[in-house]
Student: 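Encoded as structure tokens, here's the structure I'll be asking about.
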Amino acid sequence: MKFNLVLLTVIALVAMACSQQQISPECFNRPNNKHPKECCAAPNIMPSREQFTTCMQKFPKPDGPPTPGSPPPGLNCMAQCMLEQLGMMTNGVLSKDAATSKLVSLVGSSSDWQTVAKTTVDTCYQNVASMVSNKDSLGCSAAASPFIECLPTTMFTDCPASVWNPSNECTQLKAHLLKGCPIMTLLGPPQP
């Protein structure tokens with residue numbers, strides 16, 4: 001199984017355009033043109049196209065750019081909707097146990113991927129722990145967007161050796177992400 005690339009790319013582009021966290025401009029300087037799917041045969045962990053469409057319809061992207069220094073309205077709500085569709089969040093409350101259970105079920109029977117799923121949720125939950133009870137201006141979980149962005153990045157950096165392409169290009173991509181850059185900066189066309 002591989003990432004559902006179209007869906008992941010759309011989510012990544014929406015998240016990049018609307019990201020709450022400032023992404024270092026250096027993150028957009030990709031080390032090479034290798035696509036992450038060529039480096040790690042990761043299982044699809046993203047919501048289905050139907051679930052994503054439902055959330056996009058409920059929380060469409062704002063017409064204009066966000067006010068500098070403030071998160072765009074709706075991003076956390078859309079991420080919260082997707083996490084609720086996946087069963088990782090209920091009524092805006094992120095559940096580490098539910099997220100672990102769901103991610104383990106999404107990665108299939110591979111013991112390597114099950115281990116990665118558990119450590120991924122631990123890492124991502126720890127990254128957002130201080131935000132779990134916070135709400136944004138629309139009343140949505142402030143942890144939703146950072147959590148959903150963390151999942152594929154961490155799974156890539158922790159990709160099991162059995163499905164990892166150890167090429168120099170892939171090693172460069174992993175090093176790029178380990179600097180703190182999200183995987184979404186490696187999707188789509190390279191920056192000139």
Student: Could you tell me the separation between the CD1 atom of Ile45 and the CG atom of Leu86, rounded to the nearest 0.5 Å?
Tutor: 8.5 Å
Student: Looking at CG of Asn127 and OG1 of Thr154, how far apart are the two atoms once the value is rounded to the nearest 0.5 Å?
Tutor: 6.5 Å
Student: Keeping the roles fixed (side chain from Glu149, backbone from Pro146), state whether a donor-acceptor pair exists under 3.5 Å.
Tutor: no
Student: Under 2.5 Å between the sulfurs of Cys170 and Cys40, yes or no?
Tutor: no
Student: Show every salt bridge (charged side-chain N to carboxylate O under 4.0 Å, His left out) that has at least one partner inside residues 158-183, sequence neighbours left out.
Tutor: none
Student: Start with the C-alpha distance between Thr120 and Cys124, add both sets of side-chain angles, then the distance that settles side-chain contact (heavy atoms from CB on, under 4.5 Å), and finish with yes or no.
Tutor: CA-CA 6 Å; Thr120 293; Cys124 295; 4.1 Å; yes
Student: When you look at Glu84 and Thr90, which way does the side-chain contact (heavy atoms from CB on, under 4.5 Å) test go after all the steps?
Tutor: CA-CA 6 Å; Glu84 288 177 347; Thr90 303; 5.8 Å; no
Student: Are more than 12 heavy atoms from other residues, nucleotides or ligands located less than 6.0 Å from atom CD of Gln126?
Tutor: no
Student: Are the side chains of Met78 and Met56 in touch, meaning some heavy atoms are under 4.5 Å apart?
Tutor: yes
Student: Working note: Ile183 + Met155, criterion side-chain contact (heavy atoms from CB on, under 4.5 Å); need CA distance, chi angles, decisive distance, verdict.
Tutor: CA-CA 10 Å; Ile183 200 166; Met155 285 186 66; over 6 Å; no
Student: Give me the atom names and distance for the closest heavy-atom approach of Met131 to Ala142.
Tutor: SD-O, 3.6 Å
Student: How many angstroms lie between SG in Cys181 and CG in Leu173, if you round to the nearest 0.5 Å?
Tutor: 11.0 Å
Student: With sequence neighbours left out, which residue pairs that include part of residues 105-115 fulfil the side chain to side chain donor-acceptor pair (under 3.5 Å) condition?
Tutor: Asp112-Ser162
Student: I need the minimum non-hydrogen distance between Leu186 and Pro31, along with the two atoms involved.
Tutor: CD2-CD, 4.3 Å
Student: How close do Gly87 and Ala98 get, counting heavy atoms only, and between which atoms?
Tutor: O-CB, 3.4 Å
Student: Do Trp164 and Leu177 sit in one hydrophobic cluster, given that two such residues count as connected whenever their side-chain heavy atoms are within less than 4.5 Å of each other, even indirectly?
Tutor: yes
Student: Roughly how far, to the nearest 0.5 Å, is SG of Cys55 from CD of Glu50?
Tutor: 12.0 Å
Student: Hey, is the main chain of Leu187 close enough, under 3.5 Å, to the side chain of His35 for a donor-acceptor pair?
Tutor: no
Student: Looking at every heavy atom in both Asn76 and Ala144, which two are closest together, and how far apart are they?
Tutor: O-CB, 3.5 Å
Student: Determine whether Phe52 and Met46 make a side-chain contact, defined as any pair of heavy atoms from C-beta on separated by less than 4.5 Å.
Tutor: no
Student: Are the side chains of Phe147 and Ser145 in contact, using a 4.5 Å heavy-atom criterion?
Tutor: no
Student: Would you check if the side chain of Thr171 reaches a backbone N or O of Ser167 as a donor-acceptor pair within less than 3.5 Å?
Tutor: yes
Student: Nearest 0.5 Å, please: how far is SG in Cys77 from NZ in Lys135?
Tutor: 9.5 Å
Student: Please check if the number of heavy atoms outside Gln172 that lie under 6.0 Å from its CD is greater than 12.
Tutor: yes
Student: Is there a side-chain contact between Val93 and Ser141 in this structure, where contact means two heavy atoms from C-beta onward sitting under 4.5 Å apart?
Tutor: no
Student: Treat each ILVMFWY residue as a node, draw an edge where side-chain heavy atoms are under 4.5 Å apart, and state whether Leu106 and Val163 are in one component.
Tutor: yes
Student: Do Cys159 and Cys39 have their SG atoms less than 2.5 Å apart?
Tutor: no
Student: Between Thr53 and Arg49, is there a side-chain heavy-atom distance shorter than 4.5 Å?
Tutor: yes
Student: Are the side chains of Met88 and Leu103 in touch, meaning some heavy atoms are under 4.5 Å apart?
Tutor: yes
Student: Heavy atoms only: give me the nearest Lys96-Val121 pair and the separation to one decimal.
Tutor: O-CG1, 3.8 Å
Student: Could you state the interatomic distance from CG (Leu151) to NZ (Lys102), rounded to the nearest 0.5 Å?
Tutor: 12.5 Å
Student: Please give me the minimum heavy-atom distance between Leu138 and Asp136, naming the atom from each residue.
Tutor: N-OD1, 2.9 Å
Student: Quick one, Gln80 with Ile148, criterion side-chain contact (heavy atoms from CB on, under 4.5 Å). Give me CA distance, side-chain angles, the key distance, then yes/no.
Tutor: CA-CA 9 Å; Gln80 177 178 318; Ile148 206 166; over 6 Å; no
